[in-house]
Undergrad: 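Before anything else, here's the structure in question.
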Amino acid sequence: MKFDVQHLDQKWQAYWKEHKTYRTLNQTDKPKYYVLDMFPYPSGSGLHVGHPLGYIGSDIVARYWRQAGYNVLHPMGFDAFGLPAEQYAIDTGVHPSESTAVNTARYREQMERLGLSFDWDRSVNTSDPNYFKWTQWIIGEVFDHWYDRTADKARPIAELVEHLERQGTDGLDAAQTEPLSLTAAEFAEMGEKQRSDVLMNYRLAFRSVSYVNWCEALGTVLANDEVKDGRSERGNHPVEQRPMLQWSLRITAYAERLLAGLDEVDYSEGLKAQQLNWIGKSTGALVHFDIKGHDGKLDIFTTRPDTIYGTTFMVIAPEHDLVHTLTTEDQRTIIDEYLDYVGRRSELDRMSENRVTGAFTGAYAINPFNKAEVPIYIAEYVLKDYGTGAIMAVPSDDDRDKRFAQKFGIDIVDVVDKTDYPGATLKDKVGRIINSDFMNGMEVPEAIDAATERIEAMGRGERQINYRIRDLVFSRQRYWGEPWPIEYDEQDIPHRVPTADLPVELPEMDDFRAVNGASPLERATDWIQHGDRRRETDTMPATAGSNWYYLRYMDPNNDGAFVGTDAVDYWQDVDLYVGGAEHAVSHILYSRLIHKFLYDLGKVPTREPYKKLLNQGMIGGPISYIHLGILLTDDGQRHPVWVSSDTAEGSPLEVPGIGKGHLVLDESTGRRLTPLRFVTETSVNNESSFRLYHTDVEEAQRLDHQDAAYFRTILQQGAAFAWSLDKEGRQYLELSAEQGKMSKRKYNAVNPDDICNRYGADCFRMYEMFLGPIDQAKPWSVSGIDGVYRFLRRFWNMFVGDGDRLRVSDDEPSREELKVLHTLIKKVTEDIEKLSFNTCVSAFMVASNDLIKLKCNKRAVLEPMVRLIAPFAPHLSEELYRALGGTESVHYAAWPEFEERHLVEDSITYPIAFNGKTRLTLDFPVEASRQDIEASARADAQVQVYLEGKAVRKVIVVPKRMVNFVVG
RNA sequence: GCCGCUAUGGCGGAAUUGGUAGACGCGCUGGAUUCAAAAUCCAGUUCCUUCGGGAGUGUGGGUUCGAUUCCCACUGGCGGUACCA
């Protein structure tokens with residue numbers, strides 16, 4: 001048997017595939033363990049070395065629990081609907097389903113190359129009709145339910161209809177779009193269409209006009225998390241707010257439960273904080289202000305009712321319904337101008353400038369407490385969608401209100417005395433109330449309660465809780481997504497497509513462009529007309545399929561339900577969920593929402609989908625640049641020349657083929673991206689250095705792939721190279737480099753296949769784990785991978801001697817050898833459970849180093865080591881395990897058991913410190929008492945040297961730990 | 001601005017409830033082997049040093065016999081979020 005990693009990888013990967021080694025069954029008496037990876041979107045650029053970090057970690061965990069005797073579910077699939085495939089289709093004419101199939105196959109190949117123990121028989125693909133049939137079914141269920149706040153759960157729409165027929169909205173506490181008040185009689189008189197509109201106000205999947213993030217360039221609506229800094233995350237196009245008729249999911253109904261659920265799960269504090277933030281709960285009061293000369297009231301939400309006496313003006317959002325009613329004749333021009341200005345402002349303008357703007361409506365509100373008349377303004381800093389879209393402005397106690405008041409010359413009345421709280425900002429809810437009648441002298445929290453009670457007693461409002469989270473816009477005017485399972489009748493009443501008619505498949509099309517915000521599906525007229533009904537043409541966002549996929553893996557081929565009851569009762573929930581931190585908020589939150597909805601329906605047994613969450617760190621790579629300068633030759637000619645990054649302006653240069661001159665850097669010079677594959681990373685004077693070698697330039701001229709083609713066009717921009725020579729006499733240019741996220745566009749993605757082909761999958765797996773804690777971001781660097789490779793070979797050589805023959809003996813292991821083994825078992829077992837994989841790799845190295853020193857070749861020690869390393873190095877361990885006589889796969893071989901007795905020592909080495917500084921160590925028997933240790937230590941000759949001429953004030957002895965002499 | 005994470009040799013990183021800081025690996029230095037190189041093996045490698053020792057875990061303070069670990073204040077880096085009333 002030879003240490004030939006390529007051969008071992010191929011041999012065992014083929015074996016596992018053929019024998020379906022990783023197939024998981026639902027019928028078993030073993031306990032379950034469910035390890036899930038966030039499934040990838042199969043992009044055209046394939047996997048880079050950043051992706052597998054999480055996959056390897058979860059694979060180790062899966063293999064560990066499998067060996068520990070659990071029935072492990074460890075599946076992988078594809079989040080295959082999405083914009084890039086559609087954009088690619090628009091650009092190239094290749095149908096999204098074709099490019100998706102190609103990319104999916106490539107991803108799977110790459111994952112198989114890593115030796116990941118996925119059960120591919122359970123793989124899912126969100127764009128597969130057999131899958132999205134159930135995505136549509138779930139959304140149909142959401143459409144068919146409303147949220148009963150009294151029962152605190154979703155209930156069928158039919159039960160709402162019964163309630164409305166029986167008693168109207170009386171006694172109804174439901175999550176809703178607009179507050180509605182109806183009697184049973186009124187409801188009874190309604191026609192079908194009117195009733196449908198009423199129900200739409202309550203449905204958990206509902207259609208309404210909402211302000212959405214409209215992206216003109218992509219021709220679609222984007223979710224909040226798809227927008228970054230006022231531009232689309234994908235493609236970086238401008239985004240504006242636009243009112244549109246859209247389908248939404250009523251996530252706000254679940255806000256409180258999504259918050260409460262965070263206490264049940266094992267997520268990092270940081271992640272919980274992000275979710276908390278996103279939901280953004282704030283407690284305050286809804287207050288009605290009368291409007292001078294109007295019948296209507298102005299409702300505002302405030303978290304600081306205690307400051308109501310400091311209200312010197314009101315602000316309503318420019319989009320507020322009352323703007324036109326309130327505006328007086330003489331202010332109309334000013335208001336119209338302002339509205340016009342706001343309409344022209346994009347989200348990006350608003351955020352980047354952050355200036356104080358607004359306009360006076362001419363109307364006045366009346367403060368319910370002191371009857372003061374306060375002017376009503378409109379201003380863009382008040383948002384239509386938060387609270388009531390109107391505020392009472394208290395410039396003395398709010399930064400934005402203060403800036404506004406200063407700009408518009410409005411009075412400021414102090415109502416909170418903060419002198420007792422030095423350093424407190426206006427945001428802190430502390431201080432003593434002044435100038436506020438009955439609240440004077442109260443501390444802020446007390447005053448908030450008092451004011452709220454008074455407001456309620458006066459019938460002027462009520463206690464209210466507000467959430468920052470918005471309902472989830474769930475419509476996309478795009479092709480490559482699940483069609484909404486909705487059809488409209490001739491009265492334009494939406495109906496759910498019956499389960500028997502699912503899935504609603506996409507029509508065949510060859511032009512996927514959206515025009516003027518209309519879905520490309522609008523052009524599929526044959527498809528739209530379905531009998532006497534008209535199909536909905538909006539599709540769902542990418543998050544639709546990924547919200548519930550963890551359930552489908554439990555029972556992927558069930559065609560009678562999204563998941564079978566038996567399957568979900570057995571698998572319950574995900575024990576460990578591993579994925580990138582970029583999905584920490586939206587994806588997790590949305591799938592928690594769907595899970596809670598399904599829980600209300602009694603379809604899943606647990607309240608939360610993911611018990612424990614691990615966010616792997618991002619792996620960055622060097623982005624390197626080659627520098628272009630101008631060679632000004634002695635004859636006055638200018639030649640663009642490639643130079644080292646450290647070549648200074650004015651340096652004399654002699655370039656072969658051009659001649660002598662000196663370097664000029666001007667605006668036409670600069671740096672050009674250099675594909676990482678042509679860059680050599682070396683270490684010079686302990687500093688990392690990136691070089692472009694002459695041989696690599698030659699290679700770039702020869703090679704026939706995208707990076708090389710790009711690089712050739714770049715290199716044509718320079719006439720010649722001002723090479724430097726290294727120690728070996730090879731020509732090179734020094735490059736500059738910075739760290740950045742791996743991406744195809746930056747030409748710095750490293751393909752895991754390349755590493756596996758060179759070092760083997762086991763080495764790649766262990767090296768990625770060895771880089772550091774899995775949850776921390778780190779730069780990719782191959783320096784160090786040789787160390788892991790050397791370790792694996794040394795490990796192998798413990799088993800296999802000269803002549804490639806097994807050299808394991810059946811002799812009794814020594815005490816020392818057993819101690820090494822059991823130290824390792826303890827460490828690896830504990831660290832896998834802590835998800836500390838880097839320290840496991842170190843522990844294997846330490847144990848091997850120790851055993852090699854002991855010249856150990858005992859089966860009783862080495863065989864358990866093979867079982868221990870199996871999760872990390874599945875190929876090599878499988879080979880060794882079979883060679884040692886194992887008949888079934890090592891990946892089902894029992895996890896070695898730790899025995900404390902092998903770690904028991906006769907004596908313990910104590911550090912001896914003087915005033916906390918360790919000076920020497922001494923050995924004492926394990927059972928030595930505090931007194932014995934102190935006496936023997938004092939008697940020690942070396943100790944006496946340190947104690948000479950000093951008074952011992954105190955001796956600290958911690959048995960089994962250390963001794964400290966306090967001297968003075 | 002707010003929230004979260006983070007800071008340890010030339011580098012990646014390790015260190016149990018506060019108890020020998022720098023495990024393990026890379027790199028580097030020296031040696032063995034070799035015609036030579038690669039590979040492999042052995043030894044050394046935090047810094048300073050007058051070779052006695054001294055300093056040292058982003059900075060400044062504190063608690064403690066003892067602090068990388070706990071507390072307070074600050075600084076840098078990364079991520080999230082953004083006029084949220």
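All chains are named by letter (A, B, ...) in the order of the sequence lines, taking the proteins before the strands, and each is independently numbered beginning at 1.
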Undergrad: Which residues pass the side-chain hydrogen bond (donor to acceptor under 3.5 Å, both in side chains) test with A/T283, not counting sequence neighbours?
TA: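 Result, side-chain hydrogen bond (donor to acceptor under 3.5 Å, both in side chains) vs A/T283: none returned.
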Undergrad: So what does A/D398 touch, heavy atoms closer than 4.0 Å: a base, only the sugar-phosphate, or nothing?
TA: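 It contacts nothing in the nucleic acid.
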Undergrad: Where each pair must be Watson-Crick or G-U wobble with both distances under 3.5 Å, what dot-bracket representation of RNA chain B is obtained, with crossing pairs in [ ] and other-strand partners as |?
TA: (((((((..(((......[....)))((((((.......))))))(((....)))..(((((..]....))))))))))))....
Undergrad: Indicate whether the side chain of A/T252 and that of A/D471 have a donor and an acceptor atom separated by less than 3.5 Å.
TA: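 Yes - a donor-acceptor pair under 3.5 Å links their side chains.
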Undergrad: Between A/W780 and A/F764, how do the two ring planes meet: parallel, tilted or perpendicular, split at 30° and 60°?
TA: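 Answer is tilted, since the angle falls between 30° and 60°.
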Undergrad: Students often get this wrong, so: under 4.0 angstrom with heavy atoms, is A/L771 touching a base, only sugar-phosphate, or nothing?
TA: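 If one applies the 4.0 Å heavy-atom cut-off, A/L771 turns out to touch the sugar-phosphate alone, with no base involved.
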Undergrad: Base, sugar-phosphate, or nothing for A/S282, non-hydrogen atoms under 4.0 angstrom?
TA: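 Counting heavy atoms under 4.0 Å across all strands, the contact made by A/S282 is with sugar-phosphate only.
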Undergrad: For A/K819, does the NZ atom sit with more than 12 other heavy atoms under 6.0 Å from it, leaving out its own atoms?
TA: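 No - once you tally the heavy atoms of other residues, nucleotides and ligands closer than 6.0 Å, there are 12 at most.
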Undergrad: Starting from P on B/C41, measure out to NZ on A/K855 and report it in whole angstrom.
TA: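 Roughly 13 Å, once rounded to whole Å.
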Undergrad: Starting at CD1 of A/I785 and ending at P of B/G12, how long is that distance when rounded to a whole Å?
TA: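 Taking atom P of B/G12 as the reference, CD1 of A/I785 is at 18 Å.
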Undergrad: Round to a whole Å and report the spacing from CD of A/E380 to P of B/C83.
TA: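 The answer, rounded to whole Å, is 10 Å.
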Undergrad: Does A/E934 form a salt bridge (charged side-chain N to carboxylate O under 4.0 Å, His left out) with A/R938? I'd like the steps, not just the answer.
TA: CA-CA 6 Å; A/E934 183 177 338; A/R938 276 178 187 269; 3.2 Å; yes
Undergrad: When the distance from CG of A/N915 to P of B/G19 is rounded to whole Å, what number comes out?
TA: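 Answer to the nearest Å: 19 Å.
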Undergrad: Using the P atoms only, state how far B/C78 lies from B/G30, rounded to an integer number of Å.
TA: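 Comparing P positions in B/G30 and B/C78 gives a spacing of 38 Å.
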Undergrad: Base, sugar-phosphate or nothing for A/N277? Non-hydrogen atoms, less than 4.0 Å.
TA: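 Answer is sugar-phosphate: A/N277 comes under 4.0 Å of backbone atoms only.
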Undergrad: NA contact type, A/S842, heavy-atom cut-off 4.0 Å: base, sugar-phosphate, or nothing?
TA: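 Base: the residue A/S842, judged by heavy atoms under 4.0 Å, touches a nucleobase.
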Undergrad: Can you tell me which residue pairs pass the side-chain hydrogen bond (donor to acceptor under 3.5 Å, both in side chains) test with a partner in residues 309-318 of chain A, sequence neighbours excluded?
TA: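 The answer is A/Y309-A/D437.
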Undergrad: Using the side-chain heavy atoms of A/A273, tell me which of these nucleotides is nearest: B/U20, B/C65, B/C3.
TA: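 Output: B/C3.
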Undergrad: For A/D385, which contact category applies under a 4.0 Å heavy-atom criterion: base, sugar-phosphate, or nothing?
TA: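 Counting heavy atoms under 4.0 Å across all strands, no contact is made by A/D385.
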Undergrad: Assign each of A/L271 and A/R400 to its nearest nucleotide of RNA chain B by heavy atoms, then name whichever residue's nucleotide is nearer the 5' end.
TA: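 Closer to the 5' end of RNA chain B: A/L271.
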